[in-house]
Number of protein chains: 2
Amino acid sequence: MNKKILRRCRLFAGLDDAALERALSLLAAREQSYVRGEFLVPVASPMPAFGLVLEGQVQVLRDDRDGHHMIMANVGAGDTFGESLAYLGRLSPVYIVAVDACRVMWLSPARLADPASLADADVAALSFRFTSMLAARALAMNDRIQILSQLTIRSKINALLSQFAAQSGSDSFALPFDREDMAFYLGTDRSALSRELGRMRREGLIDFKGNNFTLLSPDFRAASDGM
Amino acid sequence: MNKKILRRCRLFAGLDDAALERALSLLAAREQSYVRGEFLVPVASPMPAFGLVLEGQVQVLRDDRDGHHMIMANVGAGDTFGESLAYLGRLSPVYIVAVDACRVMWLSPARLADPASLADADVAALSFRFTSMLAARALAMNDRIQILSQLTIRSKINALLSQFAAQSGSDSFALPFDREDMAFYLGTDRSALSRELGRMRREGLIDFKGNNFTLLSPDFRAASDGM
DNA sequence: ACATTTGCGTTGCAGTTGCAACAAAAAATG
DNA sequence: CATTTTTTGTTGCAACTGCAACGCAAATGT
């Protein structure tokens, strides 16, 4: 049952059981459980390993100079955190907290970050997967930056929906967010988001029910044809 | 003179001349010049190589469904673009334009993305550098996301200045932006930024002249001590 | 079936901010 | 040094949006 979740992660996707075992051993995998509210990683601590959430959810948080703490990311089952820090051996500028009771697998990139050990074919294959994971994450962060850079809520919504439409190849699709997560992802207020979504629906630009969205506007189509 | 610029990039930093030559050959380096306004990469095209700007500046742009194009990034000398796309072999969702006349070195990650060739020690060493570059970029993007996620301009300014203060180890430092770039980086309007900077100066929170900023507030210190 | 929790939409309000247009200052050019 | 160009600050205005509070409906638990 663990394996199923592990394979949802790009790092392990498509590996057969034997290869998965080898990969886990190369990464010195070990599991650990946490109770709700527990700190997985305190701020300014070394990160010898990165985490893969097997169950539950963790939050990556960061504090400002003025004491406010802000959510950097929500990490759910099958998702990872801290790969870059662990790979570079940096101290963590963030701290990590269990939202629910959760189970995390810790994976050490030490072998991957040692050029000498890449001579081993297994390590090389895993390194390729790891780098691909980083690259994919960079692209995902790029998408998020594009959205967050928009100046108005409406533009943010448009940017988000455009991305999902492009990605799903259809003008109807489901978002993997509830409204609160969606507002957080857009960097805005939940109620303001609801208000703007309602406005856009009244204007006939979009339709939605729960997390199922449909792009309606003929403007949308015209503009994308033009490209 | 090229070498000096190349070594400003994490991928090549600290290499001696011989190693640099080997690295360039492994990456099938080739140079190309562009005139102002020229397209380096059109949208939806394959990216067999990523770019390292040797001279001038390029912009990474992206179009929304509604036809607005937005600046994703400004890339200056010594900086790279498209590594993730090239590594993953994805089609480019963005297009790239020369802001000035510029010279770009194209580098192909094909050897790095092939696990079999990692058996070669030179390739392995370069692969390590490449992955480190990706990881460092991910951290930088994280910083930017933290800033863009702030809900008010003042919080964005605080977040940005805090990061630079922490990074420079001092409360006085120079930003590498002019006001327009700074506003873009913060995802806000230039005039609104000027207004808020002025307000913060009047309140005695910060001081600045040009791009030289100083954090003044005793609040700042008190809050950071608290951590 | 009832009580409780959770998620989502609505609204009043005040402060913020995008926007456009202009003024002032600084830098570049000749 | 004078002139042009670029950068930065200022301001009025309208619209946006964060915020808090509330209502409603669906889901959950007992």
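Lettering of chains follows the sequences in order, A, B, ..., and the numbering in each one begins at 1.
- Atom C1' of nucleotide D:dA25 and atom CZ of A:Arg179 are separated by 14 Å, given to the nearest angstrom.
- Contacts of A:Phe177 with the nucleic acid, taken as non-hydrogen atoms under 4.0 Å apart, are absent.
- When ring centroids are compared, B:Phe50 and B:Phe81 stay outside the 6.0 Å threshold.
- Qualifying side chain to side chain donor-acceptor pair (under 3.5 Å) partners for B:Thr152, counting only residues two or more places apart in sequence or in other chains: B:Ser155.
- The residues A:Arg7 and A:Asp17 are annotated as salt-bridged, a charged nitrogen and a carboxylate oxygen being separated by less than 4.0 angstrom.
- Each of B:Arg195 and B:Arg190 has a nearest nucleotide on DNA chain C; the 5'-most of these lies closest to B:Arg195.
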Dot-bracket for DNA chain D: what is it, with Watson-Crick or G-U pairs under 3.5 Å, [ ] where a pair crosses earlier ones, and | for a pair to another strand? ||||||||||||||||||||||||||||||
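- When each of B:Leu193 and A:Leu197 is assigned the nucleotide of DNA chain C bearing its nearest heavy atom, the one mapping closer to the 5' terminus is A:Leu197.
- Salt bridge B:Glu196/B:Arg201: absent, no basic N to carboxylate O contact under 4.0 Å.
- When rounded to the nearest whole Å, the span between CZ of B:Phe213 and C1' of D:dT8 equals 11 Å.
- For the pair A:Asn211 CG and D:dA26 P, the computed distance is 16 Å after rounding to whole Å.
- Atom P of nucleotide D:dG9 and atom CZ of B:Arg201 are separated by 7 Å, given to the nearest angstrom.
- One can place CG of B:Asp189 at 18 Å from P of D:dA14, the figure rounded to the nearest angstrom.
- Between the P atom of D:dT17 and the CG atom of A:Leu186 lies a distance of 11 Å, rounded to the nearest Å.
- Nucleic acid contact for B:Thr152: sugar-phosphate only, since backbone atoms but no base atoms lie under 4.0 Å from a heavy atom of the residue.
- If you take CE of B:Met182 and C1' of D:dG9, they are 14 Å apart, rounded to a whole angstrom.
- In this structure, CD of A:Glu180 is placed 14 Å from P of D:dA20, rounded to the nearest angstrom.
- Side-chain atoms of A:Thr80 and A:Arg137 form a donor-acceptor pair, as typed in the model, at a separation below 3.5 Å.
- For the pair B:Asp79 and B:Arg10, the salt-bridge criterion is not met [side-chain N within less than 4.0 Å of a carboxylate O].
- Contacts of A:Asp178 with the nucleic acid, taken as non-hydrogen atoms under 4.0 Å apart, involve only primed sugar atoms and P, OP1 or OP2.
- A donor-acceptor pair under 3.5 Å is absent between the side-chain atoms of A:Lys156 and the main chain of A:Ile147, judged by distance alone.
- A donor-acceptor pair is defined here as one N or O able to donate and one able to accept, closer than 3.5 Å; such a pair exists between the side chain of B:Asp178 and the backbone of B:Glu180.
- For A:Phe184 and A:Phe177, the ring centers are positioned 6.0 Å apart or more.
- When heavy atoms are screened at a 4.0 angstrom cut-off, B:Thr188 is found touching the sugar-phosphate backbone but no base atom.
- Scanning DNA chain C 5' to 3' for nucleotides with an atom closer than 4.0 angstrom to a non-hydrogen atom of chain B gives a first and last hit of C:dT17 to C:dA20.
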